[in-house]
Every structure is written in structure tokens, then in C-alpha cells.
Asker: 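Below: one structure in C-alpha cells.
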Amino acid sequence: MNTRILVIDDEKEIADLIEVYLQNENFQVFKFYSPTDALNCIETEKLDLAILDVMMPEIDGFTILRKIRESLHFPVIMLTAKDEEIDKITGLTLGADDYITKPFRPLELIARVKAQLRRSTKYNRSDSEQNENIIAFSGLILDRNTRQCMLNEKPLLLTPTEFSILWFLSKNRGRVISSEELFHEVWGEKYFSSNNTVMVHIRHLRDKMNDSAEHPKYIKTVWGVGYMIEK
């Protein structure tokens, strides 16, 4: 039971159900019905993933997400009772890695959890050659082992998903990467044309990098095709 997952949901039946399914997969679960009670766990435990309900009476899930993203990089999946695009965009913009709408099938949630854990560890694996773990160009340095990113000698705080996107685009500099290919590489799922998840993460990356869509130094939009970082 090495993988440690935080679950916060004020609906006890849902939190308990998620806990059972996660434990059946041999995950160690830190379950809380109150986000206030969970804050100490976030600060003291080494977590691998968090599942946060959006709508909670004391502190909403977005506030908890902001707290996590102040210094922590593990994947976060948001649970929302509303199938509204604004909730999804808000969560992604704040640094969530995925979202799932209630009511949901527990096995689908487990599949999402495993996908996020695979993606997170994939870009954190050790390689025998140092140069396979470091990408450096135009003032940008990415270290896959430590998941650290430096831009013009200043640390850039990226979520796991943002790091994965930037790593893949940087690794393939000079080649246009379609939204479909990027989504499949980072999320490991089938891409649908109506899905704006990639676009939201690219926009958030640009904001953090002080990059511009109109006059990009790093991530260039190739309209109707995808994205690229020029050599």
C-alpha cells in the first residue's frame, strides 16, 4: 500500500464508496468529510493523488486546490455535481488534472485515478543517461527526475499535467503536435474534438511562462492543427 490518496467529500456515502473501491486496489486512503480536517493531512502527509469534491459547505474544493498548488505537484481529480463547462474550466485553470461529474461509475473513477498515476510516474522515471532527463533551451530547463522547471533562472511552479505537456512539446521541438496526440500522450485517453482540456492547460502554461499566443516565444498555436515549440 505505497500509493497514498486523499479523498475529501462532505457526502459520507460517496466518500465511503470511493474509499472502498480505492482500498480494493490496494491504495492507502486518507478520507475526510470536512475539508478543514483535511488541511493538516495535506501539510503533513506525502500524498500521491487527491480527489476533491467541488461543492462543500465549509471550504469549497477550488479553495483546497489552490492550497495544494501553492507548493505541491501531485495529480488532483475534481468531483463536481454540475455538468457545467465553467466548473471544469475553473478547476483546470487552478491546476486540477482531471474532473468527473456526479453521479459517476466508481470503476470509471478508478480508471481515471490509475491514468493520472501512470502519467505522473511516467514523467518521473529514472533513465540511465542524464541527458535523457534534462531539456534546456532558450532559458527554459526541464528536469524529468525532479520534475523541476526553471525559466530564466527562476523556478516555474507547474502541475504534473502542465509539466507533462511542456516536456512532450519540448522533447518534440520543431514538430507540430496535434491536440489529439498531445491528449493521448498526457492523459492516455481518446480525444474528442469538443474537449477543450488541452486548450485550457496550454493557456495556463502560457500565463505562467509570460508567453503570448499572439507573439509566442515558446508555445506556438498552429491553427487547425495543434501546437509546437520551434527549434
Asker: What distance do Leu140 atom CG and Leu166 atom CG have between them, rounded to the nearest 0.5 Å?
Answerer: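 Atom-to-atom, Leu140:CG and Leu166:CG are 5.5 Å apart.
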Asker: Show the nearest heavy-atom pair for residues Phe32 and Asp37, with the distance to one decimal.
Answerer: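 In terms of heavy atoms, the two residues are closest at CE2-O, 3.5 Å.
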Asker: Quick check: closest heavy atoms across Pro160 and Pro75, and the distance to 0.1 Å?
Answerer: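 Scanning both residues, the minimum pair turns out to be CG-N, 3.7 Å.
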Asker: Would you please name every residue forming a side chain to side chain donor-acceptor pair (under 3.5 Å) with Thr221, sequence neighbours left out?
Answerer: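 Arg206.
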Asker: One pair to check against side-chain contact (heavy atoms from CB on, under 4.5 Å): Lys171 and Ile135. What are the steps and the verdict?
Answerer: CA-CA 7 Å; Lys171 182 180 178 182; Ile135 294 177; 4.0 Å; yes
Asker: Any sub-3.5 Å donor-acceptor pair from Asp48's side-chain atoms to Arg4's backbone N or O?
Answerer: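 At least one qualifying donor-acceptor pair exists.
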Asker: In chain order, what residues pass the side-chain contact (heavy atoms from CB on, under 4.5 Å) check against Asp16, with sequence neighbours excluded?
Answerer: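 With neighbours one apart ignored, the set is Lys12, Glu19, Lys31, Tyr33.
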Asker: Got a second to check how far Asp98's CG is from Gln116's CD, nearest 0.5 Å?
Answerer: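 Here the interatomic distance stands at 5.0 Å.
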Asker: State yes or no: do Ile51 and Leu17 share one hydrophobic cluster built from I, L, V, M, F, W and Y residues joined by side-chain heavy-atom distances below 4.5 Å, directly or via other members?
Answerer: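 In one cluster: yes.
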Asker: Are side-chain heavy atoms of Ile110 and Leu22 found at a separation under 4.5 Å?
Answerer: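 Yes, their side chains come closer than 4.5 Å.
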Asker: Evaluate the side-chain proximity of Met209 to Leu151: yes if any heavy-atom separation is below 4.5 Å, no if none is.
Answerer: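 Leu151 vs Met209: side chains touch.
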Asker: Please tell me whether Val20 and Leu49 are part of a single hydrophobic cluster in this structure, the criterion being side-chain heavy atoms less than 4.5 Å apart.
Answerer: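 As far as the 4.5 Å side-chain criterion goes, Leu49 and Val20 are not connected within one cluster.
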Asker: Does the salt bridge (charged side-chain N to carboxylate O under 4.0 Å, His left out) test come out yes or no for Arg69 and Glu162, once each step is laid out?
Answerer: CA-CA 12 Å; Arg69 288 295 177 244; Glu162 290 165 355; over 6 Å; no
Asker: Decide whether Phe137 and Leu156 are clustered together by the hydrophobic rule: side chain heavy atoms of Ile, Leu, Val, Met, Phe, Trp, Tyr closer than 4.5 Å, transitively.
Answerer: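 Yes, Phe137 connects to Leu156 through the hydrophobic network.
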Asker: Please answer whether the main-chain N or O of Pro216 pairs with a side-chain N or O of Asp211 as donor and acceptor at a distance below 3.5 Å.
Answerer: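 Checking the backbone N and O of Pro216 against the side chain of Asp211, no donor-acceptor pair under 3.5 Å is found.
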Asker: In the structure I gave you, are the side-chain heavy atoms of Arg175 and Glu181 within less than 4.5 Å of one another anywhere?
Answerer: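 In short, these two side chains touch, coming nearer than 4.5 Å.
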Asker: Between Arg173 and Glu230, does any side-chain N to carboxylate O distance fall below 4.0 Å?
Answerer: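 Salt bridge between Arg173 and Glu230, a charged N being under 4.0 Å from a carboxylate O: no.
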Asker: Measure the CD-CG distance between Glu11 and Leu79 for me, rounded to the nearest 0.5 Å.
Answerer: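 If we round to the nearest 0.5 Å, Glu11:CD and Leu79:CG are 9.5 Å apart.
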Asker: Any non-hydrogen side-chain atom of Ile5 less than 4.5 Å from a side-chain atom of Ile18?
Answerer: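 They are not in contact (no side-chain heavy atoms under 4.5 Å apart), so the answer is no.
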Asker: With sequence neighbours left out, write down each residue that passes side-chain contact (heavy atoms from CB on, under 4.5 Å) with Glu180, or none if nothing qualifies.
Answerer: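 Ser178, Tyr191.
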Asker: Salt bridge check: are Asp9 and Lys102 linked by an N-O gap of less than 4.0 Å?
Answerer: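 Answer for the salt bridge query: yes.
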Asker: So which heavy atom on Phe163 is nearest to which on Asp143, and how close?
Answerer: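 What the structure gives for the nearest pair is CZ-O, 3.5 Å.
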Asker: Is the backbone N or O of Leu182 less than 3.5 Å from a side-chain atom of Tyr227, with the two atoms forming a donor-acceptor pair by type?
Answerer: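 It does not hold such a pair.
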Asker: May I ask you to test the Leu6-Val76 pair for a side-chain heavy-atom distance under 4.5 Å?
Answerer: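 SC-SC contact between Leu6 and Val76 ruled out.
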Asker: Testing the 3.5 Å rule here: is there a donor-acceptor pair between the side chains of Thr161 and Asp97?
Answerer: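 Their side chains do contain a donor-acceptor pair, which is all the 3.5 Å distance test asks for.
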Asker: Tell me which donor-acceptor pairs under 3.5 Å the side chains of residues 55-63 have, and how far apart each pair is, sequence neighbours excluded?
Answerer:
{"residue": "Glu58", "atom": "OE1", "partner": "Ser34", "partner atom": "OG", "Å": "2.9"}
{"residue": "Glu58", "atom": "OE1", "partner": "Thr36", "partner atom": "OG1", "Å": "2.7"}
{"residue": "Glu58", "atom": "OE2", "partner": "Ser34", "partner atom": "OG", "Å": "3.4"}
{"residue": "Asp60", "atom": "OD1", "partner": "Phe62", "partner atom": "N", "Å": "3.1"}
{"residue": "Asp60", "atom": "OD1", "partner": "Thr63", "partner atom": "N", "Å": "2.8"}
{"residue": "Asp60", "atom": "OD1", "partner": "Thr63", "partner atom": "OG1", "Å": "3.0"}

Asker: When you measure from the side chain of Arg112 to the backbone N and O of Tyr99, does any donor-acceptor pair fall under 3.5 Å?
Answerer: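 Pair found, side chain donor or acceptor close to backbone of Tyr99.
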Asker: Only counting residues at least two apart or in another chain, list the ones meeting side chain to side chain donor-acceptor pair (under 3.5 Å) with Glu153.
Answerer: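 Result, side chain to side chain donor-acceptor pair (under 3.5 Å) vs Glu153: none returned.
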Asker: Look up atom CG in Leu65 and atom CD1 in Ile77, then write down how far apart they are to the nearest 0.5 Å.
Answerer: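 Those atoms lie 12.0 Å apart.
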Asker: Does any part of the side chain of Ile177, heavy atoms only, come nearer than 4.5 Å to the side chain of Val225, both counted from C-beta?
Answerer: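 They are not in side-chain contact.
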Asker: Answer with yes or no whether the hydrophobic clustering places Leu157 together with Trp167; edges join I, L, V, M, F, W, Y residues whose side-chain heavy atoms lie under 4.5 Å apart.
Answerer: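 Leu157 and Trp167: separate clusters.
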Asker: For the atom pair CD (Glu25) and NZ (Lys114), what is the distance rounded to the nearest 0.5 Å?
Answerer: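 Glu25 CD to Lys114 NZ: 3.5 Å, rounded to 0.5 Å.
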Asker: Would you give the length of the straight line joining atom CD1 of Ile100 to atom CD of Glu108, rounded to the nearest 0.5 angstrom?
Answerer: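 With rounding to 0.5 Å, CD1 (Ile100) is 4.0 Å from CD (Glu108).
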Asker: With sequence neighbours excluded, what pairs up with Leu72 under the side-chain contact (heavy atoms from CB on, under 4.5 Å) test?
Answerer: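 If we apply the side-chain contact (heavy atoms from CB on, under 4.5 Å) test to Leu72, skipping adjacent residues, the hits are Ile42, Ile68, Phe74.
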Asker: Examine distances only and state if a side-chain atom of His73 and a backbone atom of Leu158 form a donor-acceptor pair shorter than 3.5 Å.
Answerer: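 A pair under 3.5 Å: yes.
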Asker: Could you walk me through whether Tyr218 and Leu169 satisfy the side-chain contact (heavy atoms from CB on, under 4.5 Å) test, starting with their C-alpha distance in whole Å, then the side-chain angles of each, then the deciding distance to 0.1 Å, before giving a yes or no?
Answerer: CA-CA 10 Å; Tyr218 296 100; Leu169 290 175; over 6 Å; no
Asker: Are the side chains of Asn196 and His201 in touch, meaning some heavy atoms are under 4.5 Å apart?
Answerer: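 No; the side chains remain at least 4.5 Å from each other.
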Asker: Restricting to non-hydrogen atoms, name the atom on Leu142 and the atom on Cys149 that form the minimum distance, rounded to 0.1 Å.
Answerer: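 Reported closest heavy-atom pair: CD2-SG, 3.4 Å.
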Asker: Please assess Phe27 against Val113 for the test side-chain contact (heavy atoms from CB on, under 4.5 Å), listing each intermediate value before the final yes or no.
Answerer: CA-CA 10 Å; Phe27 296 134; Val113 167; 4.2 Å; yes
Asker: Quick check on Lys67: does its NZ atom have over 12 non-hydrogen neighbours (other residues, nucleotides or ligands) under 6.0 Å away?
Answerer: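 12 or below, so no.
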Asker: Out of curiosity, does Val186 fall in the hydrophobic cluster containing Leu205 (side-chain heavy atoms, cut-off under 4.5 Å, transitive links)?
Answerer: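 The answer is yes; both residues are in one hydrophobic cluster.
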Asker: Do you know which two heavy atoms are closest between Asn172 and Phe168, and how far apart they sit?
Answerer: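 Scanning both residues completely, I find the closest heavy atoms to be ND2-O, 2.8 Å.
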Asker: Passes side-chain contact (heavy atoms from CB on, under 4.5 Å), Phe30 versus Val7? Steps please.
Answerer: CA-CA 6 Å; Phe30 298 83; Val7 177; over 6 Å; no
Asker: Trp187 and Ile165: which non-hydrogen atoms are nearest, and at how many Å?
Answerer: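 Heavy atoms only, the tightest pair is CH2-CD1, 3.9 Å.
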